[in-house]
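What follows is one structure encoded as structure tokens, with my remarks underneath.
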Amino acid sequence: MTGILRRYRVNITARPVEFFLDRNPNEAIFDMDQPYQRGVVWGLRRRRNLVKSLLMGIPVPAIVINDRFGAGFNHPDYTEDRNRQDAIVDGKQRVTTLQSFVANEFSVPRQWWDDDVAGSVCFADLTLPQQRGVRNVPIAVAEGHFATLDHERELFDLINFGGVKQGEIDDDVPIGGI
């Protein structure tokens, strides 16, 4: 790499779970299918642990979003709507987990809300105040403005692999430590 490092504009904030939920099942509010993203791979244990962490107030890594419209994003392989749609750069597993829980696609232990009741509960089984509580849990968010898919991919790689591609050997550090 030559020259001065590019500086990205990223605003750190928090958003409620509600922010990540699709309003219409036929219209996703986020693009989560970029070529650098993997599929939905989390199993039930990881999904439940995310919900539990959020309910307990345990911080989870920020979900990184690209405001494509604000960045003037344009990619020739994307439709105009997809170029303007906010993208989840990092956090696809977390966002799909939240969407799946609220859509009743998996259950969690009922004891998280009521010590005296065994079994599991889906989102729809919660009382309205409990549902509101879940929808209002704050999640750390980093909102950026990345004008190209390559910039999104670079950020994704730096967050997830420290600039080293998955499976690549880091020749600067010998095996066994520094």
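Since the model is a prediction, treat every value here as computed from it, not as a measurement. Residue indices begin at 1 and follow the sequence shown.
Each of Phe156 and Met32 belongs to its own hydrophobic cluster when Ile, Leu, Val, Met, Phe, Trp and Tyr are linked at side-chain heavy-atom distances under 4.5 angstrom. By the rule that hydrophobic residues join a cluster once side-chain heavy atoms approach within less than 4.5 Å of another member, Leu98 and Val41 end up as members of one cluster. Taking hydrophobic clusters as Ile, Leu, Val, Met, Phe, Trp and Tyr residues chained together by side-chain heavy-atom distances below 4.5 Å, Val64 does not share a cluster with Val95. One hydrophobic cluster, built from ILVMFWY side chains closer than 4.5 Å, cannot hold both Val141 and Val10; they sit in different ones. A chain of hydrophobic side-chain contacts below 4.5 Å, direct or via other Ile, Leu, Val, Met, Phe, Trp or Tyr residues, connects Leu44 to Val121.
Residues Gln93 and Ile88 fail the side-chain proximity criterion, which asks for heavy atoms closer than 4.5 Å. The side-chain heavy atoms of Lys52 and Pro109, taken from C-beta on, include no pair separated by under 4.5 Å.
In the hydrophobic clustering (ILVMFWY side chains linked at under 4.5 Å, chained through shared members), Ile58 is joined by Met56.
Every pair tested for ring pair (Phe, Tyr, Trp, His ring centres under 6.0 Å) that includes a residue from residues 39-62 fails, sequence neighbours excluded, so the list is empty. For residues 89-138, the ring pair (Phe, Tyr, Trp, His ring centres under 6.0 Å) pairs, not counting sequence neighbours, are Phe101-Phe106, Phe101-Phe123.
In terms of modelled atom types and a separation under 3.5 Å, the side chain of Arg48 and the main chain of Ser107 share a donor-acceptor contact. One N or O on the side chain of Gln37 and one on the backbone of Val89 form a donor-acceptor pair closer than 3.5 Å. Panel note: side chain Asn104, backbone Cys122; no donor-acceptor pair is recorded below 3.5 Å. Although no hydrogens or angles enter the test, the distance criterion places no donor-acceptor pair under 3.5 Å between the side chain of Arg23 and the main chain of Ile29.
Residues satisfying the salt bridge (Lys or Arg N to Asp or Glu O under 4.0 Å) test with Arg132, not counting sequence neighbours, are none. Scored by the salt bridge (Lys or Arg N to Asp or Glu O under 4.0 Å) test, Asp33 finds Lys92 as partners (sequence neighbours excluded). Glu18 pairs by the salt bridge (Lys or Arg N to Asp or Glu O under 4.0 Å) definition with Arg135, not counting sequence neighbours. In this view, Asp86 and Phe30, Ile65, Asp67 satisfy the side-chain contact (heavy atoms from CB on, under 4.5 Å) rule, not counting sequence neighbours. A search for side-chain contact (heavy atoms from CB on, under 4.5 Å) contacts involving Pro129 returns Thr127, not counting sequence neighbours. Applying the side-chain contact (heavy atoms from CB on, under 4.5 Å) rule to Asn49 yields the partners Arg45; only residues at least two apart in sequence or on another chain are considered. Partners of His145 by ring-ring contact (aromatic ring centres under 6.0 Å, His included), not counting sequence neighbours: none found. Under the salt bridge (Lys or Arg N to Asp or Glu O under 4.0 Å) criterion, Arg47 pairs with no residue, sequence neighbours left out. Residues satisfying the side-chain contact (heavy atoms from CB on, under 4.5 Å) test with Thr148, not counting sequence neighbours, are Asp150, His151.
Expressed to the nearest 0.5 Å, how far CG of Leu21 lies from CZ of Phe19 amounts to 10.5 Å. For the atom pair His75 NE2 and Glu152 CD, the distance stands at 9.0 Å (nearest 0.5 Å). The distance from the CD1 atom of Ile159 to the CG atom of Asp90 is 4.5 Å, given to the nearest 0.5 Å. Within the model, atoms CG of Asn160 and CG of Leu155 stand 9.0 Å from one another, a figure rounded to the nearest 0.5 Å. How far CZ of Phe73 is from CD of Gln85: 10.5 Å, rounded to the nearest 0.5 Å. Expressed to the nearest 0.5 Å, how far CZ of Arg46 lies from OG1 of Thr97 amounts to 9.5 Å.
The nearest pair of heavy atoms linking Gly144 to Asn66 is O-OD1, 3.2 Å. The two residues Ala140 and Val60 make their nearest non-hydrogen contact at CB-O, 4.4 Å. The shortest non-hydrogen separation linking Ala142 to Ile12 is CB-CD1, 3.7 Å.
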Derivation and outcome, side-chain contact (heavy atoms from CB on, under 4.5 Å), residues Asp157 and Arg153: CA-CA 6 Å; Asp157 287 346; Arg153 181 189 330 266; 3.8 Å; yes
